[in-house]
Number of protein chains: 2
Amino acid sequence: MIFTYMCKTCGCSSRSRDFGTIERFVEPCILLLLSKESAHGYGLLEGLETHCGEKVDVGDLYRTLRRMEHDGWVTSVWDKKNVRDKRVYTITKEGHAFLKHAVASLKQTDELIHHLFSGYQKVYPDSNAI
Amino acid sequence: MIFTYMCKTCGCSSRSRDFGTIERFVEPCILLLLSKESAHGYGLLEGLETHCGEKVDVGDLYRTLRRMEHDGWVTSVWDKKNVRDKRVYTITKEGHAFLKHAVASLKQTDELIHHLFSGYQKVYPDSNAI
DNA sequence: TACACATATATGTAAATATCATATAGCAAT
DNA sequence: ATTGCTATATGATATTTACATATATGTGTA
């Protein structure tokens, strides 16, 4: 997410990323999609855009998949039966376990967000932000 | 948040941060606390721990406050009337506006998290993760 | 035919953020 | 004395993200 705020002091826009960005949120999204069916990197793009609320950087996606393979959450094989070669990823037992862990972790995050919301509503009862 | 997963391939634990970490979540928390009353950095620690779900790095807090002052969201003055000197921060008009923006942004994040949850429950209806 | 565009994977580089350690200094309690 | 708390701050490093670029093939179209 891109944040376009220009700072009052010097007019810079160096702080480019928006609030609400969850670090490596794309990873549980990938694991959830692969829980339904194995897929190759490019084929995940559309589903990830839905889950992440915006386009996912393609280069970042491929690097993430390799990292996840290194960590043992997915495995990959080359599929050469198609028009173009595809590296097809499959979720592992460890990947399932990690997805469960990530969901539980996000549950805690969700509670922190809602705690902020309730605090905000107390201070600004007339706000339409939420 | 610290994530202690050891990777299957090489046993490393290089990916240390847990899922669910929201980038710069501490900033709207600071602004909410300053909406109630002006405060100095060290005095914010306790309230921030509640809002962030864990201890906030003190060094990070001071750097964040300076950054927020540079961006015009808070102002600070030295309070020398006490036993120890304190730099007391006050939220600005721009800080109020930014907090509102951050809350609206987190509302979208909240929706993405819940979208993941509902997808997860479809694939794993018997899971106790959520 | 030439060109743009989509599919498919991947790397290079820079910026922003988070983490951990360290520095300074006064005060209180043991 | 020295340990611990209050209070502010910087240095160094690791991690993540964003944007650009590279490569190669297929598909549509002017």
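Just so we're on the same page: letters track the sequence lines, and every chain starts at 1.
In the set C:dA10, C:dC27, C:dT7, C:dT7 carries the atom at the smallest distance from any side-chain atom of A:Arg84. Comparing atom distances between the B:Tyr42 side chain and each of C:dA8, D:dC5, C:dC20 picks out D:dC5 as nearest. Listed nucleotides: C:dA8, C:dT11, D:dT8. Nearest to the side chain of A:Lys86: C:dA8.
Between B:Lys100 atom NZ and B:Leu31 atom CG the span is 14.5 Å, to the nearest 0.5 Å. Rounding to the nearest 0.5 Å places CG of A:Asp110 at 4.5 Å from CG of B:Asp110. Annotation: the span from A:Asp71 atom CG to A:Arg66 atom CZ amounts to 13.5 Å, rounded to 0.5 Å. Of the inter-residue distances, the one linking A:Ser76 atom OG with A:Lys86 atom NZ reads 14.5 Å to the nearest 0.5 angstrom.
If you take OH of A:Tyr62 and P of C:dG12, they are 17 Å apart, rounded to a whole angstrom. B:Arg63 has its CZ atom 11 Å from the P atom of C:dA18, to the nearest Å. The CG-C1' distance, from B:Asp57 to D:dA14, rounds to 14 Å in whole Å. Nucleotide C:dA16 holds its P atom 16 Å from the CG atom of B:Asp60, rounded to whole Å. Whole-Å rounding puts the A:Trp78 CH2 to C:dA8 C1' distance at 8 Å. The distance between atom CD1 of B:Ile22 and atom C1' of D:dT17, rounded to the nearest whole Å, is 16 Å. Computed from coordinates, the A:Lys55 NZ to C:dT7 C1' distance equals 14 Å when rounded to whole Å.
Backbone-only contact: B:Arg66 has heavy atoms under 4.0 Å from sugar-phosphate atoms and none from a base.
Residue B:Arg87 places no side-chain atom within donor-acceptor reach of the base of D:dT8, judged by atom type and a 3.5 Å distance cut-off alone.
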